[in-house]
Amino acid sequence: MRIRSDFNDDWLFEGRDRVRLPHTAVELPFSYFDEGSYQRRFTYERSITPEPAWAGREVCLVFDGAMANAVVRLNGEVVATHPDGYTPFIARLTDGLKPGVNHLTVVVDGTENPAIPPFGHVIDYLTYAGLYRECWLEVRAPISIERVKIETPEVLSPTRRLLARVMLDNPQGRTLTGKVTARLRDPGGHVIAQAEAAVTRAEVRIEMTGLDVRLWSPESPALYTLDLVLEAPGGRDNLSQSFGFREVSFTAAGFALNGKPIKLRGLNRHQSFPYAGYALGRAAQIRDAEILKHELRVNMVRTSHYPQSTDFLDACDRLGLLVFEEIPGWQHIGDRAWQDASVENLRAMITRDWNHPSIVIWGVRINESQDNHDFYARTNALAHELDSTRPTGGVRYITDSELLEDVYTMNDFILGNEEQGGNRPRTPLRPQMEVTGLDHAVPYMITEFGGHMYPTKSWDQEQRQAEHVTRHLEVLNAMYGDPQIAGAIGWCAFDYNTHKDFGSGDRICHHGVMDMFREPKFAAYVYASQSDPAEGVILKPVTFWARGERNIGGVLPLIILTNCDEVELRYGSHPPKRVGPDRERYPHLPHPPVILDQRHFSKDELGLWGMTWEHAEVTGYVNGQAVARLRFAADPVATTLQVTPDATEIGAHDAVRIMVRALDQVGNKLPFFPEPVSITVTGAGRRIGPGFVPLRAGSTGFWVQAQGRGDITVTVTSDRLGAQVLQLKAE
Ligand code: GAL
């Protein structure tokens, strides 16, 4: 059977450091760095000694991703090259391995080489450098299973079936005989069906019919597993593949999963993190998916603008988070060779990811590029040939663009255009036919809005953050109200480091509804509050609760993002105000915010300059029951240093996020608390990033990278608020 082992340890980096993958070639500061610092070559070296069990078998290394232009050598001979930085590749070692110690080198090049997509012009993100994903050693039989494509046709018929196309790898050109056995396991691990087929050519088809299975959906993401065993000349090989039974459709009437319409509410995600760039492994990838699903409560994520980690996609499968995945690129289309490379990127993305039930659409255009008939006719044809079960989309910002895809996917940045002197009144989204220029409705989805039209830092003034919130609310409201729009994916989930040509000069695009540490800004709750209260009550007043933070003073109008039926505000000893969602202003949102303004207060009640400022209490009600209560202190005093890890028991190689917050006497974050903290990590872990950092908007974050099994002690110290000590266990 196949041996697959972790090959991430003991790489010698630049001839000086022993490192474990994932690894970033250059650890960056939080902001204001020179993005040229990683744009050069880096070398990784490792030894490999064959074992007796490998005799007569195929030996290869599987690299999940390397940025970029990787060249792998075994004992000085090139065994693999892979320009793309986002897709996996295999280095076949079989023929070059000699007895005893063999020498491997991998050279990666962080240069923005114009021959490689997305490069050739400016891009609004960083690509970093390094062996930033995992590497695996695989020892296989001479004929092995390269991959499988599992399709689940007509899931809405009473008895379900699956079709598996098993693709074989036969690098030695042996005669193809033998058989493939397939066993289907249900989500509980029980075998529920079995089939086999003879091997006669490099692709073996297996069908299972009459299956009694559950469908995969966001609410109930039932995952099945197909265990394949190949018996062929030279030995046995095996592969297990998870998948789900489900069917997607995009029509002019919107998106449907298994025949059920779903409005898509999503956010774009870059796969980058502070300091470590792209190089955080499995645990951090899973955590991002959990944040999107459970904290932001979106039902879709777009992997802007490239294929992301399979750990992230696997988590989307398990959690029931729908995915729009796209090829690497940003506005620029290169020459014919560049386009050929892009077509190969598309092939690599689809063949890597076609079994993920979470992926419901392929992005087959370079994000926001101009029309290019020949290029995009090719990408669409290839996507359809490789996978007839999913529609294509191609993200553009241009109107009247040639529709070669199944879905017209549009970055509609119209809101805010009125500030540029246009004579159109404030408009959240344009009607689709105005955008497409067509005289009939087509499948249509918004893939970006917000972003650079209204950059908002987590430490920006309350009023600006309220406008940030309002813009996200207005676009979601317009999307929910327009049956011709399948959904809207906001720009973006998390702030991200970028080039000097974008962002706030600090090498950050402050476009996220969360900051780079994934700490929510107010706008995060626009998304979360659209969820059902059964998923968790959301109650978030868009205020720091201070008399003089806003222009002129006071906190009105006060937007309260919530999925409650009613909200009560108590202010000092004044009579309480109980108010319901503002359906007048946001008629289409599942849960409009409660907005307290001059409609609810007399002149002498709130907001008057020169009066005493009072405590407040905000209570949310569902079905007449008080379900959440928040208090605001009129006189906040820095009281507590809160240090919260995502987990205290972690895997031996996991990176875990730890958030640090300064809180007042009632537990609220102090948005303008500027004092720094020092962070030390001892034991079986390493701190990623600097050890002396300011709080920004009342918080900061960092990751601790476990370095094998053992105890880890984390100490965070503030001069004023004292020290907090955390014990973590890695195993
Ligand atoms: C879009 C682009 C994104 C990001 C965004 C900022 O034009 O597709 O990558 O740059 O603008 O708002």
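We count ligands from 1, going down the list as the structure has it; atoms in each ligand are counted the same way.
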Next item on the list: On the 0 to 90° scale, with breaks at 30° and 60°, tag the F63-F89 ring pair as parallel, tilted or perpendicular.
Entry: parallel
Margin query: Going by the rule side chain to side chain donor-acceptor pair (under 3.5 Å), which residues pair with Y444 if we only count those two or more places apart in sequence or in a different chain?
Written below: none
Margin query: Aromatic contact between H332 and W338, with the criterion being ring centroids under 6.0 Å apart: yes or no?
Written below: yes
Margin query: Please enumerate all residues that pass salt bridge (Lys or Arg N to Asp or Glu O under 4.0 Å) together with D34, with sequence neighbours excluded.
Written below: none
Margin query: Holding to salt bridge (Lys or Arg N to Asp or Glu O under 4.0 Å), I want the full list of residues that pass it with E419, two or more places apart in sequence or in another chain.
Written below: R471
Checklist line | Residue among T251, L403, D406 satisfying side chain to side chain contact (heavy atoms under 4.5 Å, CB included) with V442 | finding: L403
Note to self: Give the residues near ligand 1 by chain and number, with the criterion being a heavy-atom distance under 4.0 Å.
What the structure shows: D124, H305, W330, N367, E368, N411, F413, E448, G451, H452, W491, Y496, H511
